[in-house]
2 protein chains.
Amino acid sequence: MKRKPTIHEVAERAGVGIGTVSRVLNNHPAVRPETRARVLKAMEELGYTPNPHARRIAGGRSYTVSVLLPFVATEFYRRLLEGLEGVLLEKRYDLALFPILSLARLERYLESTTLAYLTDGLILASYDLSERFEGGRLPTDRPVVLVDAKNPQYDSVYLDNRLGGRMAGAYLARFPGAVFAIKVEEEPDRVFRHTVFSERMAGFREALLEAGRPFPEDHLYVTRLSPEGGRLALRHFLEKASPPINVFAGADQVALGVLEEAQRLGLTPGKEVRVLGYDGHPFTEELGLSTVAQPVEAMGARAAQLLLERMQGYAGPPRAVRFEPTLIERSSTAPSKEAPYVP
Amino acid sequence: MKRKPTIHEVAERAGVGIGTVSRVLNNHPAVRPETRARVLKAMEELGYTPNPHARRIAGGRSYTVSVLLPFVATEFYRRLLEGLEGVLLEKRYDLALFPILSLARLERYLESTTLAYLTDGLILASYDLSERFEGGRLPTDRPVVLVDAKNPQYDSVYLDNRLGGRMAGAYLARFPGAVFAIKVEEEPDRVFRHTVFSERMAGFREALLEAGRPFPEDHLYVTRLSPEGGRLALRHFLEKASPPINVFAGADQVALGVLEEAQRLGLTPGKEVRVLGYDGHPFTEELGLSTVAQPVEAMGARAAQLLLERMQGYAGPPRAVRFEPTLIERSSTAPSKEAPYVP
DNA sequence: CTGAAAGCGCTTACAG
DNA sequence: CTGAAAGCGCTTACAG
């Protein structure tokens with residue numbers, strides 16, 4: 001395999017100095033359009049791509065951003081990364097992912113030796129770090145943006161999960177039949193714990209209360225995040241009440257299992273068993289699963305923008321960007337078009 | 001926050017040239033022990049740590065290794081990384097983790113722009129890549145080592161899962177009562193599919209056959225990898241046969257659910273329900289869960305060694321290192337000490 | 001608008 | 001065994 005072309009070869013081919021090549025690389029305005037075009041062409045022909053290590057050494061920027069995220073494999077993080085990547089790649093930034101498998105690892109990430117620390121900025125997903133670090137601040141001088149989490153010390157992009165829970169409660173309260181809910185359990189051994197599931201459930205209870213609908217304790221089923229948890233939950237609920245019943249599944253993954261089990265039992269979703277998910281993941285559409293949708297990609301994109309601004313020197317106070325969920329009604333709660341939902 | 005110290009400051013403090021500092025950094029033999037000691041002391045006092053970007057630029061090595069692994073959060077990968085880190089950190093190499101969320105991402109990892117590609121070597125975990133890339137080779141000129149996977153083109157470290165399945169089958173065949181098994185389903189949308197669960201089950205069936213024990217089709221329950229899957233499985237099995245029954249759970253995670261459900265139903269593990277897991281994860285010990293244990297940490301360590309050799313220039317033919325599992329008998333299959341298992 | 005030069009933090013022959 | 005120098009692939013004032 002032959003060596004990667006360098007800036008020198010590009011310069012030679014384009015008939016310019018290496019400084020000029022560097023300028024087009026960095027979108028410096030002081031380059032004549034024709035010159036720029038020639039350089040771009042040379043890069044194209046050579047298959048040139050800049051060496052981030054050299055950029056880091058020379059200019060102090062490596063054009064890569066670290067994303068620290070929980071080591072849980074869900075559609076949520078897939079979508080979040082899509083949102084982040086969308087805006088970052090466009091600005092020619094690269095992402096380095098750092099799944100947090102343990103606290104020791106997180107700390108190592110933040111040590112100065114590791115590459116993670118040597119990137120230009122950090123996105124921290126889903127963790128409330130205030131309890132873990134002194135003063136709630138990460139030991140880094142790089143800009144940091146939180147997403148799916150909130151902290152007064154950093155720019156944060158988050159969803160109002162309590163509102164989402166309230167929407168779910170108000171919606172299901174309209175229907176006849178008992179109301180049930182599934183709460184996703186936080187893993188006890190998870191390095192950091194996030195509170196999204198509790199928040200959803202708190203909002204849900206509030207809304208039911210306001211609607212005057214009873215919600216006895218044994219109408220709540222707690223399980224880990226898995227479709228099988230949803231299956232077990234539905235079996236449990238059917239021992240408590242007869243159809244029609246209404247189930248707020250707390251997460252689309254779990255709602256999927258409720259649908260699977262309903263089908264196995266010959267119960268019609270949207271009729272005998274109304275199921276409402278949470279997340280708005282792509283797969284809900286083809287399943288006809290009603291859901292409280294989070295604009296995950298948009299949240300990721302926004303977080304990336306905030307970080308970009310910080311990396312470009314913005315030094316204002318921490319910003320908190322709040323997103324709201326949307327309830328999407330599909331056949332799992334409303335088989336017919338007769339009664340479209342109007343909040 | 002003040003700037004990181006550089007090699008120059010270390011040199012000055014130690015009263016030597018920067019070349020000498022670099023030599024002790026790289027364990028070059030031609031350094032007088034006293035000089036080395038002085039330099040080390042200066043580094044210590046300054047809190048010096050070398051800049052990997054500069055090292056990469058200057059010497060062609062960044063002392064970081066990329067680990068590409070599936071984005072599935074299991075104890076298995078946690079242990080694997082421990083094994084890898086153990087030997088790599090000792091040799092002053094750093095790890096960069098690249099969870100493979102999608103095929104597009106894998107390909108981007110391997111493009112020359114990204115940091116992943118710019119590390120010194122690659123560890124690829126659990127994926128059989130022969131179907132995905134032309135000629136079964138990754139588009140990189142860095143050394144590559146596979147772990148928990150096997151490919152004739154690369155150094156591979158793998159477990160004999162078929163043997164593990166056979167051991168499980170031969171072991172459970174000794175007991176009275178019907179034999180059941182849980183097969184973990186491969187996620188259809190997983191970028192690459194690994195075959196470990198099928199291999200285990202194939203070995204299991206073989207051993208039962210050889211032992212003359214029947215294994216009807218409906219004694220196999222298929223589920224995703226989750227404790228809840230194990231709970232559903234046990235309920236299913238108990239509709240097919242009365243205790244005592246024997247369950248090969250295929251994975252410790254799933255076996256955990258079988259134990260949970262047995263407890264819920266008031267059935268005694270090791271007596272009414274014998275449960276055998278697979279993986280040998282740490283949590284099995286305190287649960288008293290019998291399991292077919294994989295030496296995951298050792299596999300990781302071995303893979304790291306192979307990669308280290310390659311990075312140091314070893315150019316021999318691909319090596320395949322096979323590991324064997326061990327059956328650990330605990331109370332979930334043998335409540336008393338009366339009949340210790342001797343294969 | 002552009003080139004030549006200095007410098008980023010290292011490594012590595014080259015001399016001594 | 002060790003220092004001084006050249007060079008890795010870039011960026012960025014500095015002159016023009």
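Treat the numbers as computed from the prediction; the structure is a model and nothing was measured. Every heavy atom of this structure was used, including side-chain atoms; hydrogens, water molecules and symmetry mates were not. By convention in this document, chain letters (A, B, ...) are assigned in the order of the sequence lines, proteins followed by strands, and residues within each chain are numbered from 1.
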Can you establish whether the number of heavy atoms outside [X] located under 6.0 Å from its atom [atom1] is more than 12?
X: B/Glu45; atom1: CD; result: yes
X: A/Arg92; atom1: CZ; result: no
X: B/Glu297; atom1: CD; result: yes

Does the side chain of [X] get closer than 4.0 angstrom to OP1 or OP2 of [N] through an N or O atom?
X: A/Thr20; N: C/dT2; value: no
X: B/Asn26; N: C/dT11; value: yes
X: B/Arg32; N: D/dT2; value: yes
X: B/Thr35; N: D/dT2; value: yes
X: A/Tyr48; N: D/dC10; value: yes

Task: Where DNA chain D forms stems, i.e. three or more consecutive Watson-Crick or G-U pairs with both distances under 3.5 Å - done: C:1-3 with D:14-16, C:5-12 with D:5-12, C:14-16 with D:1-3
If I take atom [atom1] in residue [X] and atom [atom2] in nucleotide [N], what distance separates them, rounded to the nearest angstrom?
X: A/Arg55; N: C/dG9; atom1: CZ; atom2: C1'; result: 18 Å
X: A/His8; N: C/dG3; atom1: NE2; atom2: P; result: 13 Å
X: B/His53; N: C/dG9; atom1: NE2; atom2: P; result: 13 Å
X: B/His28; N: C/dT11; atom1: NE2; atom2: P; result: 12 Å
X: A/Tyr63; N: C/dC8; atom1: OH; atom2: C1'; result: 15 Å
X: A/Asn27; N: D/dT11; atom1: CG; atom2: C1'; result: 14 Å
X: A/Glu34; N: C/dT2; atom1: CD; atom2: P; result: 8 Å
X: A/Arg23; N: C/dA5; atom1: CZ; atom2: P; result: 14 Å

Of the nucleotides [options], which one has an atom closest to the side chain of [X]?
X: A/Ile18; options: D/dT2, C/dC10, D/dT11; value: D/dT11
X: A/Ile7; options: D/dC10, C/dC10, C/dT2; value: D/dC10
X: A/Leu25; options: D/dT2, D/dT11, C/dC10; value: D/dT11
X: B/Val31; options: D/dG3, D/dT2, C/dG9; value: D/dT2
X: B/Arg61; options: D/dT11, C/dG3, C/dT12; value: C/dT12

Task: A/Glu75 and A/Arg78 ion-paired at < 4.0 Å - done: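 Salt bridge flag = yes for A/Arg78 with A/Glu75.
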Task: A/Lys41/A/Glu44 salt bridge by N-O under 4.0 Å criterion - done: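 Looking at A/Glu44 and A/Lys41, the cut-off is not met.
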- [ ] Look only at the side chain of A/Asp155 and the backbone of A/Arg319, and say whether a donor-acceptor pair between them is shorter than 3.5 Å.
- [x]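 Such a contact is found between A/Asp155 side chain and A/Arg319 backbone.
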Open item on the list: Could you report the tightest heavy-atom contact between B/Lys91 and B/Leu308, atom names first, then the distance?
Closed with: CG-CD2, 3.5 Å
Open item on the list: Heavy atoms only, 4.0 Å cut-off, all strands: where does A/Ser22 land among base, sugar-phosphate and nothing?
Closed with: base
Task: 5'-most by nearest nucleotide on DNA chain D - B/Val16 or A/Ile57 - done: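 The residue mapped nearer the 5' terminus is B/Val16.
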Open item on the list: Ignoring hydrogens and geometry beyond distance, is a side-chain donor-acceptor pair present between A/Asn151 and A/Ser156 at under 3.5 Å?
Closed with: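 Distance-only check fails for A/Asn151 and A/Ser156.
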